[in-house]
Engineer: 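Structure below; questions to follow.
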There are 4 protein chains.
Amino acid sequence: MPRLSTVGGTTSSTRRGRGTSRAASDAAVSERRAEILSVAADIFARKGYMNTTVREIADASGILAGSLYHHFDSKEAMVDEILSTFLASLVAQYDAVIAAADDPHTTLRNLVHTLFHGLSEHRAAITLTHNDSYYLEQIPRFAYLQDTKIQVEQLWVAELRRGMATGAFRADLDPALVWVFIKGAAWAAVQYVSDGGSESSDAIADTHLDVLLHGIRA
Amino acid sequence: MPRLSTVGGTTSSTRRGRGTSRAASDAAVSERRAEILSVAADIFARKGYMNTTVREIADASGILAGSLYHHFDSKEAMVDEILSTFLASLVAQYDAVIAAADDPHTTLRNLVHTLFHGLSEHRAAITLTHNDSYYLEQIPRFAYLQDTKIQVEQLWVAELRRGMATGAFRADLDPALVWVFIKGAAWAAVQYVSDGGSESSDAIADTHLDVLLHGIRA
Amino acid sequence: MPRLSTVGGTTSSTRRGRGTSRAASDAAVSERRAEILSVAADIFARKGYMNTTVREIADASGILAGSLYHHFDSKEAMVDEILSTFLASLVAQYDAVIAAADDPHTTLRNLVHTLFHGLSEHRAAITLTHNDSYYLEQIPRFAYLQDTKIQVEQLWVAELRRGMATGAFRADLDPALVWVFIKGAAWAAVQYVSDGGSESSDAIADTHLDVLLHGIRA
Amino acid sequence: MPRLSTVGGTTSSTRRGRGTSRAASDAAVSERRAEILSVAADIFARKGYMNTTVREIADASGILAGSLYHHFDSKEAMVDEILSTFLASLVAQYDAVIAAADDPHTTLRNLVHTLFHGLSEHRAAITLTHNDSYYLEQIPRFAYLQDTKIQVEQLWVAELRRGMATGAFRADLDPALVWVFIKGAAWAAVQYVSDGGSESSDAIADTHLDVLLHGIRA
DNA sequence: AATGAATGAGGCTTCATTCAT
DNA sequence: AATGAATGAAGCCTCATTCAT
């Protein structure tokens, strides 16, 4: 039962800040940064990292391109913060599900819900990891993307294997492949939802769980 | 039973065809174009359309960037040809499967195989439609991407609905959502395979069909 | 016997002096300014005027870049103050040496010592006048750099000429060229010393005087 | 008697060229590059590396800034080529002088002439090494600047030491310091000449040699 | 069919400076 | 006296594309 370690990314703080200290001011600082970061995440998700210009982010944030650098070291630092924040959160949620040590069916259900929930809450980050991973993974700074992907895969595979061992799931399937199917379906579903599909992420997660467990045959 | 119409894209021919006419030379011309196009498709798939420079394509083709313009009007024209060729072929295959008018289970099986087969044979084109569709779809020239996507979805949904009507498949599922799951899983599986997974596209298609029909519950 | 006139530069005082008047606070003000100026001089000397950012100066001074503008009108104003202060002091010392009206050998000795002493005490300012003079001299504000350079040259040439006339020095040399040699050697020696050479500026000045007067031939 | 090794810098060739082969075409290529490089060297020398913009170089070369990158990889690559070419040439000349193994006085004479000649022929490169060395030496690519400086110093010191041992030169002087004086004087003299001084570099070299050997005392 | 030089637009980033607080 | 957010100009570099040869 793998317990996931911390996800990378640089520590977030205002650029070159030498510790202004008060919580209140930190919050204020965070607000502006968070705003910009949220705007950036949206655009990154829609257009991809490389296809997004810092000027687009700046325009959407109501400032000039150069002013972004008051808050962030670089465009790269922005994605870094977006991705590492999301992945850390996802990993923490998975950890909690695994730590609960329920029976395989319950755990699977919780994992699927975590997956769908994470996907819809952090659509931007997820889209990024899917569409730009090839580019980003080449950059040393983003090595943690690969690492986390592997950790998550191992967690799912281990859990599926446990279900097979206890007789909860069919034992004739390659758990790695099953995880691939689940992941792919979940990802497609999120795009479907955000394109105007009507159902909530929970409802879709349940439907997916249903199909996954019982199949579509009558 | 929708029959798919022709897929867009510009007619392919050497750039300034001044009526050179000879079959032998045309063949030579075509070979060079096809070579370059294949190289381009690979790079586009790996790095995305926007992140691929014409110089990368030229370098990999052994010529200078400027010389590409002897064969193609623009970078856009290259993707266009890649995508329209692939989609036309995919659509034709789907058409044939539907035209056979087999029972729902057989037709589903054939559709899934067509899907997986197409994905693995045209990984480059498929990757492009997934990763760069947002950007490309904004360009009028590529309106057919959306069109084809909708046509394919309608074809799958119609077929699933037929299976539900005939009692072959469960009637309590949203066929559009099921198609989304299938599509997503297939796409993820292709990436998995190309990352070094061992099984062939047919074997994976069968596994997917199995999971799709019967679920993973023991 | 030229007597040097006052060296330029803007009058130094806190930026928007609204007539605050108190001696105690003025002293405090001066201290802070002097501190910052000293820090700035060091960095300017090390990296050159253009290559030094106001943020580097601010960082090294423990404040933010914007806060520098409470003390100085501009980056230019900082160099101006550094350079004009140094040049005024150098010129005053030279004036004193000339005014003493000793015999040529003694005067030469004193000039060389003044030169070496000034160089090592004000390494920052000197480095600036050497490395960034081209850029600075184009700015009207820094016209005094040229003026002072010419004045100093004339003072040296006049003194050398006097020594030649009185028979103290060889009469077959171009005094302007001799001054160039002296200046260049002195400047190089200062860099040598600051790079870790062991001897003091006085000792080096004496060695230089020795070589200058007697040559290196056995 | 140190023999100097090759000076660094990247091999020069048109950017990303895949070997066009013919000498004639190479010469043509070299012409354009050499032209631009010469223009760049002049501006670098006048304004310093950091204070020179690529647009200034481009403007002076009659092309757009971006077009420079057809010939050179970067602004850095330009200085690199300028500096390494000059230093290689200087080092080769020094080597030849040392290899001749003449008596100390003759060798000193030849070294001084080589120094002054090099300085005036390659004023641009020399100015660069003096004014921007602090900045450039921090860049790994330019580590050879330090190396060459040390090699040259060792060569001079060794030669001076030899002259002291054989009784040609005074033995009571620090040869390293003497070299510093020579270097500084030579450098200042070159600036003096290029500022409109009338004498040729050879004449100045002779004058310097005279002063260096015999001093200025009557 | 290809080269090599050039264009022009645009991308990321830096930096001196301003200003409300 | 200092902060922190923002400006606007400029800097280096990339890239799709054109064109004479």
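Just so you know, these numbers use all the heavy atoms, side chains as well, and skip hydrogens, waters and symmetry mates. Quantities reported herein were computed from a predicted structural model and do not represent experimental measurements. Residue numbers begin at 1 in each chain, while the letters A, B, ... track the order of the sequences.
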Engineer: Is there a side-chain contact between B/Ile36 and B/Ile63, using heavy atoms and a 4.5 Å cut-off?
Structural biologist: yes

Engineer: Looking only at heavy atoms, what is the nearest atom pair of B/Val39 and B/Ala60, with distance?
Structural biologist: CG1-CB, 3.5 Å

Engineer: Hey, does C/Asn131 have a side-chain heavy atom less than 4.5 Å from the side chain of D/Tyr134?
Structural biologist: no

Engineer: Under 3.5 Å, is there a donor on one side chain and an acceptor on the other for C/Tyr49 and D/Asn51?
Structural biologist: no

Engineer: Could you tell me which residues satisfy salt bridge (charged side-chain N to carboxylate O under 4.0 Å, His left out) with C/Lys75, sequence neighbours excluded, listed by chain and number?
Structural biologist: none

Engineer: Give B/Ser61 one of three labels, base, sugar-phosphate or nothing, depending on what nucleic acid heavy atoms sit under 4.0 Å from its own.
Structural biologist: nothing

Engineer: Could you tell me whether the phosphate oxygens of E/dT7, OP1 or OP2, come under 4.0 Å of any side-chain nitrogen or oxygen in D/His70?
Structural biologist: no

Engineer: Taking CZ from C/Arg55 and C1' from F/dT7, how many angstroms apart are they, rounded to a whole number?
Structural biologist: 15 Å

Engineer: Without decimals, in angstroms, what is the distance between D/Glu56 CD and F/dC13 C1'?
Structural biologist: 17 Å

Engineer: Rounded to whole Å, how long is the line connecting atom CD of C/Glu31 with atom C1' of F/dA1?
Structural biologist: 15 Å

Engineer: Rounding to a whole Å, what distance do you find between B/Asn51:CG and F/dT14:C1'?
Structural biologist: 13 Å

Engineer: Whether C/Arg32 contacts F/dA2 is assessed here as follows: a side-chain N or O lying under 4.0 Å from the phosphate OP1 or OP2. Is that the case?
Structural biologist: yes

Engineer: Between atom CD in A/Glu76 and atom P in E/dT13, what is the gap in whole Å?
Structural biologist: 8 Å

Engineer: Using the side-chain hydrogen bond (donor to acceptor under 3.5 Å, both in side chains) criterion, which residues pair with B/Glu137? Sequence neighbours excluded.
Structural biologist: none

Engineer: What pairs with B/Ala40 under side-chain contact (heavy atoms from CB on, under 4.5 Å), at least two apart in sequence or on another chain?
Structural biologist: B/Phe44, B/Ile57, B/Met78, B/Ile82

Engineer: What is the distance from CE of C/Met78 to P of E/dC15, rounded to the nearest Å?
Structural biologist: 15 Å

Engineer: What dot-bracket string describes DNA chain E from 5' to 3', counting Watson-Crick and G-U wobble pairs whose defining distances are under 3.5 Å, with [ ] for crossing pairs and | for pairs to another strand?
Structural biologist: .||||||||||||||||||||

Engineer: Please tell me which of C/Val54 and D/Gly62 maps to the more 5' nucleotide of DNA chain E, matching each residue to the nucleotide holding its nearest heavy atom.
Structural biologist: D/Gly62

Engineer: I'd like to know if the side chain of B/Ser38 reaches the main chain of B/Ala34, judged simply by a donor and an acceptor atom lying under 3.5 Å from each other, with no hydrogens or angles considered.
Structural biologist: no

Engineer: How would you label the contact of D/Leu64 with the nucleic acid (heavy atoms, under 4.0 Å): base, sugar-phosphate, or nothing?
Structural biologist: base

Engineer: Please report, rounded to the nearest Å, how far the P atom of E/dC15 is from the CD1 atom of C/Ile57.
Structural biologist: 12 Å

Engineer: Tell me which of D/Thr52 and C/Leu68 sits closer to the 5' end of DNA chain F, going by the nucleotide each one is nearest to.
Structural biologist: C/Leu68

Engineer: Would you say C/Tyr69 places a side-chain N or O within less than 4.0 Å of OP1 or OP2 belonging to E/dT18?
Structural biologist: no

Engineer: Could you write out each protein N or O paired with an N or O of nucleotides 19-21 of chain F at a distance under 3.5 Å?
Structural biologist:
none

Engineer: Between A/His71 and F/dA6, is there a side-chain N or O to OP1/OP2 distance below 4.0 Å?
Structural biologist: yes

Engineer: List the residues meeting side-chain contact (heavy atoms from CB on, under 4.5 Å) with D/Thr53, not counting sequence neighbours, and say none if there are none.
Structural biologist: D/Arg55, D/Glu56

Engineer: With respect to the side chain of D/Ile63, which nucleotide from F/dG11, E/dC12, E/dT7 is positioned closest?
Structural biologist: E/dT7

Engineer: How far apart are the closest heavy atoms of D/Asp80 and D/Phe142, and which atoms are they?
Structural biologist: CA-CE2, 3.5 Å

Engineer: Pick the closest DNA chain E nucleotide for C/Lys75 and for A/Met50 by heavy atoms, then say which residue is nearer the 5' end.
Structural biologist: A/Met50

Engineer: For the pair made of CG in B/Asp59 and P in E/dT3, what is the distance, rounded to whole Å?
Structural biologist: 11 Å

